Amino acid sequence: MPERSSGEDDLFGPHNLPYGVFTTADEPGRRRLGVRLHDRVLDAGAAARALGSPYETLLAQPGLGPLMAAGRTAWRDVRRALTAWVTVPAHRAELQPLLHPLDALTLHLPYEVADYVDFYSNEHHAANAGAILRPGGPALTPNWKHMPVGYHGRAGTVVVSDTDVVRPTGQRKTPTGPPPVFGPTTKLDIEAEVGFVVGTPSPQGTSVALGAFRDHVFGVCLLNDWSARDLQAWEGQPLGPFLAKSFATSVSAWVTPLEALDAARVAPPARDEQPLPYLDDTDDEDPGGFDLRLTVRVNGEAVSNPPFSSMYWTAAQQLAHLTVNGASLRTGDLYGSGTVSGPERGQRGSLLELTWDGAEPLDLPTGKRTYLEDGDEVTLSAWAPGPDGTKVGLGEVTGRVTPAATGG
Ligand code: CA
């Protein structure tokens with residue numbers, strides 16, 4: 001295997017090994033499952049074949065679905081095998097030709113997104129958004145500290161990193177302004193989130209207990225919940241987000257296995273309200289939180305560093321709540337954490353908060369920004385503490401805004 005390289009590449013050492021799906025320039029029609037190692041990608045199926053591994057049937061696939069559906073024991077065993085393959089010197093000669101330079105590959109959405117849910121589980125974000133959108137009223141709605149509030153989104157418009165995002169068009173109206181007008185959004189925003197990817201399904205009519213989180217959730221990605229604030233303000237009452245968010249949701253091309261984040265487990269912030277029993281994680285062995293340090297960049301300039309450890313509700317609580325009514329899980333279900341924000345201004349995960357709905361523009365090298373302009377590019381990145389002082393990188397998610405479609 002290649003020598004460990006320095007700098008950013010250390011985020012993707014043998015302790016990480018996220019999964020993705022790639023094609024090469026030579027064979028653009030042949031999707032393959034890959035595992036990232038530093039700045040290269042191991043063709044996992046070809047490696048399994050070369051080494052006579054019993055996991056060839058799971059890895060020699062055009063997508064991550066079969067491995068995700070295979071369950072927690074298989075996830076652990078395959079990860080152990082991959083770790084051995086990339087660290088045992090005896091395999092070096094055989095696997096060297098199966099390592100492709102990352103920058104020569106095209107990356108694809110690694111699994112078919114089944115259902116998509118987005119939560120709203122960060123108290124700093126919810127309080128900021130409440131203060132901006134409902135001035136004078138209570139910052140949090142009465143249900144907020146009793147359940148992870150969320151909505152069902154649109155799975156079919158989840159796109160992989162580097163996919164352009166067309167500025168959405170729709171209706172907007174200010175509370176006191178003239179009748180609604182139609183046109184491209186003037187308040188295109190981002191939401192820096194962490195996505196959780198379900199592997200093991202669950203039957204309809206049953207619920208997934210808090211302690212079964214790791215039996216069902218395969219891994220983690222970064223997620224940008226693009227949001228049109230003006231459309232959202234007009235359409236959102238009384239049923240919540242609809243067209244203001246369904247036009248695009250971007251996810252990173254790499255799915256980081258939960259196991260790679262074992263050293264990043266942290267306790268969530270103290271809860272002010274005693275959760276109902278199905279959400280009560282007080283005595284759980286698994287603290288539930290993750291110490292992921294996000295960075296938001298606009299046109300290459302870092303504008304925020306949201307701390308995921310500040311999430312009030314954990315991913316396990318979100319999954320328990322999502323299924324408590326008997327809703328089933330399917331392989332490929334994706335749920336977003338909700339915008340990640342911290343208590344400081346430089347930790348806010350949306351432009352809504354960073355600019356206080358445009359009242360405090362950001363002064364970037366590419367000009368002042370309230371909301372996004374056509375041509376702007378947003379990148380979310382993150383790392384977490386790994387084993388033995390290492391860092392675990394999450395795959396970046398990038399999107400560039402292109403002008404509204406004709407007719408807008
Ligand atoms: Ca969101």
Side-chain angles (χ1 to χ4, degrees), residues 113 115-134 139-141 143-144 147-159 161 165 168 170 185 187-197 220-237 239-252 290 292 294-296 298 303-304 306-308 310-315 317-319 321-322 333-342 347-355 357 371-372 378-380 382 394 397-399 401:
V113 179
D115 287 296
Y116 167 53
V117 162
D118 194 28
F119 285 97
Y120 186 61
S121 291
N122 182 282
E123 186 172 0
H124 305 290
H125 171 70
N128 287 336
I132 295 166
L133 302 174
R134 296 184 302 276
L140 299 178
T141 51
N143 56 4
W144 201 90
M147 66 170 78
V149 171
Y151 66 94
H152 282 89
R154 192 164 187 84
T157 51
V158 176
V159 295
S161 179
V165 171
T185 176
K187 291 188 174 183
L188 182 57
D189 199 357
I190 57 115
E191 292 190 342
E193 304 194 20
V194 175
F196 291 82
V197 183
V220 172
C221 62
L222 288 176
L223 184 150
N224 184 349
D225 175 25
W226 303 91
S227 301
R229 300 298 179 197
D230 42 1
L231 276 55
Q232 186 179 0
W234 172 229
E235 74 173 10
Q237 303 299 328
L239 290 185
F242 186 41
L243 303 178
K245 287 168 177 285
S246 63
F247 56 95
T249 306
S250 299
V251 291
S252 49
F290 291 98
L292 311 177
L294 280 63
T295 297
V296 180
V298 178
V303 298
S304 176
F308 191 72
S310 68
M311 300 305 288
Y312 187 92
W313 296 105
T314 69
Q317 289 172 316
Q318 291 173 332
L319 192 71
H321 187 61
L322 167 57
D333 280 0
L334 169 71
Y335 63 99
S337 60
T339 309
V340 185
S341 289
Q347 298 179 319
R348 297 172 185 167
S350 68
L351 293 172
L352 172 75
E353 298 163 86
L354 283 164
T355 71
D357 196 24
Y371 288 99
L372 296 172
V378 178
T379 297
L380 311 180
L394 271 63
V397 56
T398 292
V401 179

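Note that this is a predicted model, so its numbers are computed, not measured. Worth knowing before you read on, the calculation uses all heavy atoms, side chains too, and leaves out hydrogens, waters and symmetry mates. One-based numbering, in listed order, for ligands and for the atoms of each.
Under 3.5 Å, the side chains of Y371 and D357 contain a donor-acceptor pair of N or O atoms. Between the side chains of N122 and S337, not a single donor N or O lies within less than 3.5 Å of an accepting N or O. For the residue pair Q232 / S227, no side-chain donor-acceptor distance below 3.5 Å is found, with atom types taken as modelled.
Going from atom CH2 of W144 over to atom CD of E123 covers 5.0 Å, rounded to the nearest 0.5 Å.
Of all the N, O or S atoms in E193, the one closest to the Ca ion (ligand 1) is OE2. The minimum distance between the Ca ion (ligand 1) and any N, O or S atom of D118 involves atom OD2.
Seen from the Ca ion (ligand 1), atom OD2 on D225 and atom OE1 on E191 lie at an angle near 80° (rounded to 10 degrees).
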